[in-house]
Amino acid sequence: MADASNIATAAFDGEAAWETLTPSQQALVGQFALEAAVGRAIAEHAPDPAARAGAEAERIALEWLQEAALSVGGLLDRQWIDTEGSTERYRVPSVLDRVCRACGCSHEDPCDEGCGWHDALTCTACVSSGEAAHG
């Protein structure tokens with residue numbers, strides 16, 4: 001049966017992608033990543049009104065980070081997408097380690113009913129439900 005998953009077998013490798021950026025692109029991405037991280041830390045650990053401001057700072061910094069990393073002049077065109085014919089498969093960031101290609105769960109975000117790994121690409125919940133044959 002054809003593989004209908006939109007998750008690529010290979011993960012997105014942030015370290016390798018970083019090496020393709022120019023020093024000025026790396027500086028922008030690094031700046032916005034730090035702004036997002038500090039905004040998140042404030043939002044999680046400080047009481048309001050700082051928590052509210054931190055959450056908004058994180059939201060804006062993530063928008064700017066995405067623009068800096070993925071806009072024209074950022075990562076090489078579609079470096080995070082594999083294409084086979086007309087099928088696009090997304091290279092999920094490697095920070096998740098394994099991801100089920102049928103449902104998208106991971107060790108950090110398991111299925112609601114709980115799951116483990118059936119094999120390197122499929123969780124036990126999808127094998128039990130039959131999703132793996134269709135996902």
Side-chain angles (χ1 to χ4, degrees):
M1 176 171 262
D3 180 5
S5 179
N6 68 348
I7 296 176
T9 305
F12 174 77
D13 182 346
E15 183 178 1
W18 182 262
E19 296 300 322
T20 69
L21 299 175
T22 66
S24 62
Q25 292 166 327
Q26 289 176 346
L28 271 180
V29 169
Q31 172 190 343
F32 298 142
L34 289 172
E35 296 273 352
V38 169
R40 164 62 64 89
I42 291 170
E44 288 182 348
H45 300 291
D48 280 336
R52 179 179 177 179
E56 184 63 6
E58 177 191 18
R59 185 189 69 75
I60 291 170
L62 286 173
E63 285 180 13
W64 290 359
L65 175 59
Q66 183 176 8
E67 181 69 22
L70 302 180
S71 68
V72 175
L75 292 178
L76 298 176
D77 188 35
R78 317 277 285 182
Q79 196 170 349
W80 45 281
I81 300 175
D82 288 341
T83 55
E84 296 174 16
S86 62
T87 303
E88 288 186 338
R89 292 202 170 97
Y90 298 87
R91 294 173 152 244
V92 175
S94 63
V95 297
L96 283 181
D97 194 25
R98 284 201 261 180
V99 175
C100 177
R101 293 188 70 223
C103 72
C105 76
S106 68
H107 178 73
E108 297 297 323
D109 180 31
C111 295
D112 289 340
E113 63 275 9
C115 63
W117 292 105
H118 170 73
D119 58 34
L121 302 174
T122 314
C123 76
T124 54
C126 287
V127 170
S128 298
S129 71
E131 267 189 68
H134 307 293

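Basis for what follows: all heavy atoms, side chains included, without hydrogens, waters or symmetry-related copies. Nothing fancy with the numbering, it's 1 onward along the sequence.
Taken to the nearest 0.5 Å, the SG atom of Cys103 stands 8.5 Å off from the CG atom of Asp109. Distance check, rounded to the nearest 0.5 Å: CG of Leu65 to CG of Leu34 gives 10.0 Å. Between the CZ atom of Phe32 and the CG atom of Leu62 there is a distance of 11.5 Å, given to the nearest 0.5 Å. Annotation: the span from Ser5 atom OG to Tyr90 atom OH amounts to 11.5 Å, rounded to 0.5 Å. Of the inter-residue distances, the one linking Leu21 atom CG with Gln79 atom CD reads 8.0 Å to the nearest 0.5 angstrom. One finds the CZ atom of Arg98 at 11.0 Å from the OG atom of Ser106 (value rounded to the nearest 0.5 Å).
Linking Ile, Leu, Val, Met, Phe, Trp and Tyr residues whenever their side-chain heavy atoms come within less than 4.5 Å leaves Leu96 and Leu121 in two separate clusters. Hydrophobic clustering (side-chain heavy atoms under 4.5 Å, transitive across Ile, Leu, Val, Met, Phe, Trp, Tyr) groups Leu70 together with Trp18. Trp117 and Val92 are assigned to two separate hydrophobic clusters, defined by single-linkage of ILVMFWY side chains at heavy-atom distances under 4.5 Å.
Between Arg91 and Ala8 the shortest heavy-atom distance is CG-CB, 4.0 Å. Taking both residues in full, the closest heavy atoms of Ala55 and Ala43 are given as N-CB, 3.6 Å, listed atom of the first, atom of the second, then distance. When every heavy atom of Cys100 is checked against every heavy atom of Cys123, the shortest pair comes out as SG-N, 3.3 Å. Contact between Gly54 and Ile42 at its shortest, heavy atoms only, is CA-CG2, 4.0 Å. Annotation for Gly114 and Ala125: closest pair O-CB, 4.1 Å, computed over non-hydrogen atoms.
Ion pairing between Glu63 and Arg59 holds under the 4.0 Å rule for side-chain N and carboxylate O.
Within a 6.0 Å radius of CD in Glu113, other residues, nucleotides and ligands contribute more than 12 heavy atoms. Counting heavy-atom neighbours within 6.0 Å of Gln66 CD, excluding the residue itself, gives a total of 12 or less.
In this structure, the side chain of Ser94 does not engage the main chain of Asp13 through any donor-acceptor pair within 3.5 Å. Here the side chain of Arg89 pairs no donor or acceptor atom with the backbone of Asp82 at under 3.5 angstrom. Without hydrogens or angle criteria, Glu35 side chain to Ala57 main chain gives no donor-acceptor distance under 3.5 Å.
Looking at heavy atoms from C-beta onward, Asp97 lies out of side-chain contact with His107 at the 4.5 angstrom threshold. Counting heavy atoms from C-beta on, the side chains of Arg101 and Thr9 come closer than 4.5 Å.
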